[in-house]
S.K.: 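Got a structure here, written out as structure tokens. Questions coming.
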Amino acid sequence: MQIFHLLRAVTVAYGLRQTEFATRNGMHTTDVRALICLLDAERAGVDATAGRLGASLGLNSAGTTAVIDRLERLGLLARVQDARDRRRVLLRVEDRARELGRASFGPLIDGTVALLADFDEHEVDAVSRFLSGVRDIMEADGARS
């Protein structure tokens with residue numbers, strides 16, 4: 001149970017960091033989660049659409065549109081026409097969002113990367129498998145709710 005309690009403590013601390021970031025930048029915490037989802041999609045090479053974002057956040061279309069509108073007004077997100085299908089609109093995270101994120105979360109990211117540098121390959125693999133497994137359990141549990 002100690003590992004579970006540590007994981008919960010990290011989750012709570014990270015959530016507080018996201019809330020502070022949101023407040024400091026005139027956003028809602030859902031807006032921060034939306035940016036994370038969009039950046040994750042970009043890293044995975046997946047087209048970011050409003051429908052995909054809404055599904056990731058568990059929002060209906062009105063809620064998703066409100067998030068997109070807020071982020072667009074703040075200059076953190078742009079709607080762009082899909083070059084392959086002109087009927088489709090894609091969402092693109094703007095450089096300003098990346099800069100804000102790096103300024104706030106950069107030290108945490110850098111510290112985490114430095115911490116992991118002290119782990120050997122097998123330890124990094126174990127941490128990765130554990131966190132991926134917890135994510136999968138949470139996703140499966142959420143699907144049942």
Side-chain angles (χ1 to χ4, degrees), residues 1-84 88-143:
M1 288 301 291
Q2 179 185 9
I3 296 293
F4 178 80
H5 293 296
L6 285 170
L7 180 62
R8 186 178 60 192
V10 168
T11 303
V12 169
Y14 190 68
L16 290 172
R17 178 76 61 94
Q18 287 179 321
T19 300
E20 292 166 1
F21 174 80
T23 301
R24 189 171 45 254
N25 293 290
M27 291 187 272
H28 187 278
T29 55
T30 303
D31 300 342
V32 177
R33 289 196 316 269
L35 288 172
I36 292 168
C37 288
L38 293 169
L39 289 168
D40 288 347
E42 181 181 288
R43 273 190 294 281
V46 175
D47 287 342
T49 62
R52 178 165 284 150
L53 178 62
S56 295
L57 297 172
L59 296 175
N60 63 23
S61 61
T64 303
T65 298
V67 168
I68 293 168
D69 287 347
R70 281 194 305 269
L71 291 172
E72 193 172 41
R73 274 194 306 277
L74 290 168
L76 304 175
L77 178 76
R79 291 175 170 106
V80 295
Q81 194 171 46
D82 186 342
R84 295 178 311 248
R88 199 163 79 138
V89 174
L90 301 176
L91 304 174
R92 183 186 69 218
V93 176
E94 296 286 25
D95 288 341
R96 181 169 184 272
R98 293 175 211 290
E99 292 162 6
L100 288 173
R102 185 70 183 151
S104 291
F105 295 98
L108 174 62
I109 293 166
D110 294 343
T112 303
V113 169
L115 177 65
L116 281 170
D118 290 337
F119 286 50
D120 68 34
E121 181 182 333
H122 299 292
E123 291 171 318
V124 171
D125 182 57
V127 171
S128 181
R129 284 186 301 111
F130 172 75
L131 291 173
S132 296
V134 171
R135 181 202 56 217
D136 294 346
I137 291 167
M138 290 179 71
E139 288 174 357
D141 187 55

S.K.: Does Asp136 have any salt bridge (charged side-chain N to carboxylate O under 4.0 Å, His left out) partners at least two apart in sequence or in another chain, and if so, which?
M.R.: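 Partners of Asp136 under the salt bridge (charged side-chain N to carboxylate O under 4.0 Å, His left out) test: none.
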
S.K.: Under 4.0 Å between a side-chain nitrogen and a carboxylate oxygen: does that hold for Arg33 and Asp40?
M.R.: no

S.K.: So which heavy atom on Phe21 is nearest to which on Ser104, and how close?
M.R.: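 Scanning both residues, the minimum pair turns out to be CD1-OG, 3.2 Å.
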
S.K.: Is the closest side-chain heavy-atom distance between Asp110 and Arg102 below 4.5 Å?
M.R.: yes

S.K.: Do Leu57 and Thr30 come within less than 4.5 Å of each other through their side chains, counting heavy atoms only?
M.R.: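 Yes, side chains in contact.
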
S.K.: Can you measure from CE (Met27) to CG (Leu35) and round to the nearest 0.5 angstrom?
M.R.: 6.0 Å

S.K.: Drop me the distance from Asp95's CG to Leu76's CG, to the nearest 0.5 angstrom.
M.R.: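 One finds 11.0 Å between CG of Asp95 and CG of Leu76.
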
S.K.: Please report the interatomic distance CD1(Ile3) to CG(Leu7), rounded to the nearest 0.5 Å.
M.R.: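 Going from the CD1 atom of Ile3 to the CG atom of Leu7 covers 9.0 Å.
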
S.K.: Between Val67 and His28, is there a side-chain heavy-atom distance shorter than 4.5 Å?
M.R.: no

S.K.: Would you compute the distance between atom CG of Leu71 and atom CG of Leu91 and round it to the nearest 0.5 angstrom?
M.R.: 9.5 Å

S.K.: Could you tell me whether Arg70 and Glu72 have a side-chain N and a carboxylate O separated by less than 4.0 Å?
M.R.: no

S.K.: Can any side-chain N or O of Asp141 pair as donor or acceptor with the backbone N or O of Ile137 at less than 3.5 Å?
M.R.: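 No: the side chain of Asp141 does not pair with the backbone of Ile137.
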
S.K.: If you compare all heavy atoms of Gln18 against all heavy atoms of Ile36, which two are closest, and at what distance to 0.1 Å?
M.R.: NE2-CD1, 2.9 Å

S.K.: Do the non-hydrogen side-chain atoms of Gln81 and Val89 ever get within less than 4.5 Å of each other?
M.R.: no

S.K.: What closest approach, in Å, do Ala50 and Ile68 show between heavy atoms, and which atom pair accounts for it?
M.R.: CB-CD1, 3.7 Å

S.K.: Can you check side chain to side chain contact (heavy atoms under 4.5 Å, CB included) on Glu94 and Leu100, steps first, answer last?
M.R.: CA-CA 10 Å; Glu94 296 286 25; Leu100 288 173; over 6 Å; no

S.K.: Hey, could you give me each pair passing side-chain hydrogen bond (donor to acceptor under 3.5 Å, both in side chains) that has a residue in residues 111-128? Not counting sequence neighbours.
M.R.: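 The answer is Asp125-Arg129.
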
S.K.: Only counting residues at least two apart or in another chain, list the ones meeting ring pair (Phe, Tyr, Trp, His ring centres under 6.0 Å) with Tyr14.
M.R.: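 Tyr14: ring pair (Phe, Tyr, Trp, His ring centres under 6.0 Å) contacts with Phe105.
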
S.K.: Supply the atom-to-atom distance Leu16 CG to Thr29 OG1, rounded to the nearest 0.5 angstrom.
M.R.: 11.0 Å

S.K.: Nearest heavy-atom pair of Val93 and Arg98: which atoms, and what distance?
M.R.: O-NH2, 3.2 Å

S.K.: Kindly indicate whether the side chain of Thr49, heavy atoms from C-beta on, has any atom under 4.5 Å from the side chain of Leu90.
M.R.: yes

